[in-house]
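Remember, it's 1-based here, ligands and their atoms both numbered in the order they're listed. Here the structure is a predicted model, which is why all the values come from computation and not from measurement.
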Amino acid sequence: MADLKKIAIASDHGAFELKELLVSKLQELGYEPDDMGVNSEESADYPDYGEKVAKAVSAGEVERGILLCGTGIGMSITANKFPNVRAALVHDHFTATMSKKHNNANILVMGARILDVETAYEILKAWLDTEYEGGRHDRRLEKISNLEKSGALKNNV
Ligand code: RB5
């Protein structure tokens, strides 16, 4: 199992400032963020940075990742293309805790143009501290995993 303290994180230009704040917050909380960019507010394409984090999670190099863009929508669409990735776009404490309890989300996605910084910190903390409940949810996650394996989604059947 990958080191639980290590968390991959990336954003596009629309969330650069929030990403920098979350990197510091993660360090403060004792985590080891692996910052995969961007490194400035210069315009960047979110799929390029979503791919970096999603690949690391998909390959099991890290257990968890965080992706940020303006709305969070582009990053969540990108990340969920990768096998074994369960990326959750969340907006508040409730959706953050549910994304772990029921969906065992391994990538947290937020929209920097939607959330204030305090809410983003609250979401981050809730997602990090909440445990997956397992039980009946295992069956549902397994069904998602089977869809990936069967290629059904790719072939539209
Ligand atoms: C960039 O302008 C913006 O489209 C991006 O940050 C994100 O919101 C996409 O879903």
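The backbone N or O of Pro47 sits nowhere less than 3.5 Å from a side-chain atom of Asp45 that would complete a donor-acceptor pair.
The environment of Lys5 atom NZ is dense: over 12 non-hydrogen atoms of other residues, nucleotides or ligands sit within 6.0 angstrom. The number of heavy-atom neighbours closer than 6.0 Å to CD of Glu17, taken from other residues, nucleotides and ligands shown, is 12 or below.
Proximity of atom 2 (O) of ligand 1 to the protein is indicated by at least one non-hydrogen atom lying closer than 4.0 angstrom.
Each of the atoms 1 (C), 5 (C), 6 (O) of ligand 1 lies under 4.0 Å from some heavy atom of Asp12. Atoms of ligand 1 lying under 4.0 Å from at least one heavy atom of Thr71, given by number and element, are 7 (C), 8 (O), 9 (C), 10 (O). Here is the list of ligand 1 atoms found below 4.0 Å of a heavy atom in Gly70: 5 (C), 6 (O), 7 (C), 8 (O).
Contacts between Arg113 and ligand 1, counted as non-hydrogen atom pairs separated by less than 4.0 Å, involve the side chain only.
With rounding to the nearest 0.5 angstrom, the OG1 atom of Thr78 is 5.5 Å from the OH atom of Tyr46. From Ile66, atom CD1 reaches atom CE of Met110 across 6.0 Å, with rounding to the nearest 0.5 Å.
At the top of the distance list for atom 4 (O) of ligand 1, counting protein heavy atoms only, stands Tyr46 CE2, 4.5 Å.
Across every non-hydrogen atom of Ala87 and Asn106, the tightest pair is N-OD1, 4.4 Å.
At a 4.0 Å cut-off, at least one heavy atom of Gly74 sits close enough to ligand 1 to count as contact.
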